[in-house]
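No experiment lies behind these values; they were computed from the predicted model shown. Letters A, B, ... are given to chains in the order of the sequence lines, protein chains preceding strands, and every chain is numbered from 1.
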2 protein chains.
Amino acid sequence: MAKQKFYVVWRGMAPGIYTSWPEAEKQVKGVAGARYKSFASRAEAEAALQSGPGKSTGTKKASKDRKSQASGDKVTAKASRWHEVDIYCDGACDPNPGPAGTGLAVYRDHALSELWYGLFNPAGTNNTAELQGLLHALKLAKSAVEGGRQTAIHCDSRYAIDCVTKWAFGWKSRDWTRKTGPIMNLALIQDAHAVYLELVDRITVLHVPGHAGIEGNELADRMSMLAIQKAETDLVPCPPPFDISALLALERG
Amino acid sequence: MAKQKFYVVWRGMAPGIYTSWPEAEKQVKGVAGARYKSFASRAEAEAALQSGPGKSTGTKKASKDRKSQASGDKVTAKASRWHEVDIYCDGACDPNPGPAGTGLAVYRDHALSELWYGLFNPAGTNNTAELQGLLHALKLAKSAVEGGRQTAIHCDSRYAIDCVTKWAFGWKSRDWTRKTGPIMNLALIQDAHAVYLELVDRITVLHVPGHAGIEGNELADRMSMLAIQKAETDLVPCPPPFDISALLALERG
RNA sequence: UGACACCGUGUGGA
DNA sequence: TCCACACGGTGTCA
């Protein structure tokens, strides 16, 4: 679960994409006017490589800490995505608590199919946003499952997953109460749990590490930021075709 | 046993520290956007007063940034006015982690008085170097204060300042532990905090922006580089007379 | 005590 | 543009 970075070299010894900094550094070290940049996912890097270095938009949060593994090994960005339908959900909240939004990325047969953003909440938390993401991922999953498709949901919030797929059983059996105090975000949890119950034998809900360069998670993350930026209260589709590098360049300010 | 509280007023009628709530309340009552908070000790309050209120409420990033920048400049300019004794400290580490050194520049009555360099550590970090700088600045400050001189320390490491003047209070109260893991550079922090406690009511510790052309900071920076170059493990004075522009022309961080 | 997430700050280097 | 060193807070649960 180490963070894999992808380095685009536009101008250097051998332009291309590299998976470790030492490797990338060789291409740019000592090259006058070298252009290069790191990205969290290969998809992002490939889009950027084709777009060229022109934009200075920069992913502002590129340098969140997580240690990179020693060598340029291939991290399993693929391991968690091998279903007929894969739905990634994410939430953002800036500051936390504060304005919050949700994003979804849907893959069908391993290809990006739809992007959704919205559910803006001017007074949310990171967890309301993540629960909204999971709830709506479940709703999308329901359609897929009813169409006979093998479906998985990928969520980076252990809290949201456990609320809906684990703890909710116990809470419900005690009439949605908890010894230690009121259950936060209860309505959202109840809604999501109800949908989950309908699908429980037919879907997989997986935890994916955040900020690990997993494409679907990164795209859902950007959508959640877009939701905040646009204060979009509905859940609306992002119109195709998808220009990934443009989407990833979205920023507030 | 009623606890004595200390009230910091950052924005109000008359910013400062108050020792009773009625007194503090007068300063903030009816003042739009007033910022204030109570602390358990005067030392904590003073550190907090200098650090600023810390929490942001704004959601508009651009305008917020500009505004806080402007007001931050104002605070700094006001607070950085000359003292009878001004001590600048800095640390360098090249590469980081790696060989590290520390430098100090001391002004007395607005005139450069001494330059110190050393504390070479062949396996340091930027932060060990900065903490060494702050520790030894505090030691120098102690002499000055005991001589009845109004004294300030200027440090460009927010990390070092906060470790010693702010976070150390909480860490000490929890037996020098932290929720999120072990405290790095603990011995250095403990030493510096102990000296700080002796002086807390009689000195000012200020943050200065790095690489901003502030003479004292620049000179301390050159001294820290010199410490690495000479691998000087003691803290030794740079012999006068001082040719400031020649010193500033030395290799810098 | 642990886990996941969401935000924020500064410095040291190439 | 890249790397690394260090830290704070809140949201939530078992």
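Rounded to a whole Å, the CG atom of B/N217 is 13 Å from the C1' atom of C/G10. Atom CD of A/E25 is separated from atom P of D/dC2 by 13 Å (rounded to the nearest Å). Following rounding to the nearest Å, A/D90 (CG) and C/A5 (C1') show an atom-to-atom distance of 9 Å. Distance CE (A/M184) to P (D/dT10): 14 Å, rounded to an integer number of Å. B/N185 places its CG atom 11 Å from the C1' atom of D/dC7, with the value rounded to the nearest Å. Rounded to an integer number of Å, the gap from CD1 of B/I189 to P of D/dC5 is 16 Å. D/dA6 atom C1' lies 14 Å from atom NZ of B/K166, rounded to whole Å. The distance between atom NE2 of A/H211 and atom C1' of C/G8, rounded to the nearest whole Å, is 13 Å.
Each of D/dT12, C/G13, D/dA6 was ranked by its minimum atom distance to the side chain of B/P95; first place goes to C/G13. Ranking D/dT1, C/G12, C/C6 by closeness to the A/A92 side chain, first place goes to C/C6. When distances run from any side-chain atom of B/Y159 to the nucleotides C/A5, D/dC13, D/dC7, the shortest one goes to D/dC7. The side chain of A/T180 sits closest to D/dA14 out of D/dT12, C/G8, D/dA14.
Applying the salt bridge (Lys or Arg N to Asp or Glu O under 4.0 Å) test to every pair with at least one member in residues 159-179 of chain A, sequence neighbours left out, gives these pairs: A/D162-A/K166.
Place A/C163 and A/N96 on DNA chain D by their nearest nucleotides, and A/N96 ends up nearer the 5' end. Each of B/S157 and B/K179 lies near RNA chain C, and the nucleotide nearest B/K179 is the one positioned closer to the 5' end. Nearest-nucleotide positions on DNA chain D for B/P97 and A/I183 put B/P97 closer to the 5' end.
Using a 4.5 Å heavy-atom threshold, the side chains of A/H136 and A/L119 count as touching.
With sequence neighbours excluded, no residue satisfies salt bridge (charged side-chain N to carboxylate O under 4.0 Å, His left out) with A/E25. In terms of the ring pair (Phe, Tyr, Trp, His ring centres under 6.0 Å) criterion, residue partners of A/Y36 (sequence neighbours excluded) are, by chain and number, A/W21. Applying the ring pair (Phe, Tyr, Trp, His ring centres under 6.0 Å) criterion to A/Y196, with sequence neighbours excluded, gives no partner residue.
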key: From CA spacing to verdict: side-chain contact (heavy atoms from CB on, under 4.5 Å), A/V106, A/D86   = CA-CA 6 Å; A/V106 182; A/D86 287 280; over 6 Å; no
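Side-chain nitrogen and oxygen atoms of A/R158 include none within less than 4.0 Å of the OP1 or OP2 phosphate oxygen of D/dT12. A close approach under 4.0 Å does occur between a side-chain nitrogen or oxygen of B/R178 and OP1 or OP2 of D/dG8. Applying the 4.0 Å criterion to OP1 and OP2 of D/dG8, one finds that B/W171 has a side-chain N or O inside that range.
Each of B/T165, B/L197, B/D191, B/I153 was compared with B/L138 under the side chain to side chain contact (heavy atoms under 4.5 Å, CB included) criterion, and only B/I153 meets it.
Backbone-only contact: B/G91 has heavy atoms under 4.0 Å from sugar-phosphate atoms and none from a base.
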Under 3.5 Å, which donor-acceptor pairs do the side chains of residues 216-227 of chain B form with other protein atoms, sequence neighbours left out?
from, atom 1, to, atom 2, distance (Å)
B/N217, ND2, B/D156, OD2, 3.2
B/E218, OE1, B/R222, NH1, 3.0
B/E218, OE1, B/R222, NH2, 3.4
B/E218, OE2, B/G213, N, 3.2
B/D221, OD2, B/G253, N, 3.2
B/R222, NE, B/L248, O, 3.0
B/R222, NE, B/L250, O, 3.3
B/R222, NH1, B/E218, O, 3.2
B/R222, NH2, B/L248, O, 3.2
B/S224, OG, B/D221, O, 2.6

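The stretch residues 116-136 of chain B comes close to RNA chain C through B/N126, B/N127, B/E130, each having a heavy atom under 4.0 Å from the strand.
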